[in-house]
Amino acid sequence: MPRSTLAEWIGRIGVALQPLADRLSELLRQRPTVHADGTPVQQLDPGKGKTKRAYLWAYRSNSLDEGPPIVVFDYQPSRAGSHAQAFLQGWRGHLMVDDYVGYKALFAGAGGVTELACLVHIRRKFFELHAANGSPVAAEVLQRIELL
C-alpha cells in the first residue's frame with residue numbers, strides 16, 4: 001500500500017476526530033486541577049530527509065477529581081511556554097507541573113492559576129544532595145517524603 005494512501009487516511013481520521021479532541025479539551029478545562037508536561041518527539045522535516053524536534057504537550061485531569069480521567073495531547077513545533085498559555089487560556093485552577101520556566105507566566109499576576117509543585121522533582125534534588133555528600137538534612141527530607 002503506498003505511503004501516500006496511508007498518510008491520507010491518517011489525515012482524514014485526524015480531521016474526523018478533531019471535534020472529539022476539542023470537546024475533551026473543553027471538558028478538561030472545566031476541571032479544578034490539571035497536570036501538564038511537555039515531551040520531545042521527533043518529527044520528519046519534509047524535503048530534508050531528516051527529523052527535527054517537536055513537542056507533545058500532555059494535559060491530564062487529576063485522579064482525585066470526580067468524573068472519568070481525561071488526557072489531551074497538544075502537538076506543537078516548539079517548547080515555548082506560549083503553547084501552554086494558549087491551551088489553558090481563560091482556565092483557572094491548580095496546575096501541577098515541573099519547574100519548567102515556560103509555565104511561569106501562567107502563575108504571574110492575578111490570573112487565577114495556582115502552581116502545584118511536582119513532588120518527584122522536589123525529591124530528586126534532595127536525593128542528589130544526599131547521594132553527593134550524605135547530608136543528614138537531605139536524608140530527613142527523603143524520609144518525610146517517603147511517609148507522604
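- Rounded to the nearest 0.5 Å, atoms CZ (R60) and CE (M96) are 11.5 Å apart.
- Between the side chain of W91 and the backbone N or O of V113, no donor-acceptor pair lies under 3.5 Å.
- Between L28 atom CG and L24 atom CG the span is 8.5 Å, to the nearest 0.5 Å.
- Under the 4.5 Å side-chain heavy-atom criterion for grouping Ile, Leu, Val, Met, Phe, Trp and Tyr, I10 is not connected to V15 through any hydrophobic cluster.
- Between K104 and E115 the shortest side-chain heavy-atom distance falls below 4.5 Å.
- Classification of the Y59-F87 ring pair by plane angle, with boundaries at 30° and 60°, yields parallel.
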Passes side-chain contact (heavy atoms from CB on, under 4.5 Å), N62 versus R31? Steps please. CA-CA 8 Å; N62 191 305; R31 300 287 180 94; over 6 Å; no
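- Considering all non-hydrogen atoms of both residues, G102 and Q85 come closest at O-NE2, 4.0 Å.
- Side-chain atoms of R23 and L27, non-hydrogen and from C-beta on, do get closer than 4.5 Å to each other.
- Residues L142 and L119 share a single hydrophobic cluster, defined by chaining ILVMFWY side chains whose heavy atoms lie under 4.5 Å apart.
- Note that the NZ atom of K52 and the CD atom of Q42 stand 11.0 Å from one another [nearest 0.5 Å].
- Under a cut-off of 6.0 angstrom, the local environment of OH in Y100 is crowded, with over 12 non-hydrogen atoms contributed by other residues, nucleotides or ligands.
- Here the closest heavy-atom approach between residue P68 and residue S61 is recorded as O-OG, 4.2 Å.
- In this structure, R79 CZ and T39 OG1 are separated by 9.5 Å, a value rounded to the nearest 0.5 Å.
- Shown here for P19 and A16, the closest heavy-atom pair between the two residues is CD-O, 3.4 Å.
- Across every non-hydrogen atom of H130 and S135, the tightest pair is ND1-O, 3.2 Å.
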List the steps and the verdict of side-chain contact (heavy atoms from CB on, under 4.5 Å) for L88 and L95. CA-CA 10 Å; L88 294 170; L95 184 60; 3.9 Å; yes
Where do W9 and M1 land on the side-chain contact (heavy atoms from CB on, under 4.5 Å) test, with the steps shown first? CA-CA 12 Å; W9 288 353; M1 186 169 285; 3.4 Å; yes
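- When all heavy atoms of I70 and V72 are compared, the closest pair comes out as CG2-CG2, 4.0 Å.
- Hydrophobic clustering of Ile, Leu, Val, Met, Phe, Trp and Tyr side chains at less than 4.5 Å, counting indirect connections, unites F127 with I122.
- With sequence neighbours left out, the salt bridge (charged side-chain N to carboxylate O under 4.0 Å, His left out) criterion links D22 to no other residue.
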Report the C-alpha distance between E8 and S4 in whole Å, list the side-chain angles of each, state the deciding distance to 0.1 Å, and finish with yes or no for side-chain contact (heavy atoms from CB on, under 4.5 Å). CA-CA 6 Å; E8 181 183 348; S4 61; over 6 Å; no
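- Nearest approach of R53 to P40, heavy atoms of both residues: NH1-CB, 3.9 Å.
- We find the OH-CG distance between Y103 and D98 to be 5.5 Å, quoted to the nearest 0.5 Å.
- Within the 4.5 Å cutoff, side-chain heavy atoms of V97 are placed close to those of F107.
- Considering OG1 of T33 and CG of D65, their distance stands at 5.5 Å, rounded to 0.5 Å.
- Ion pair R123/E146 not flagged as a salt bridge, since none of the NZ, NE, NH1 or NH2 atoms sits closer than 4.0 Å to an Asp/Glu carboxylate oxygen.
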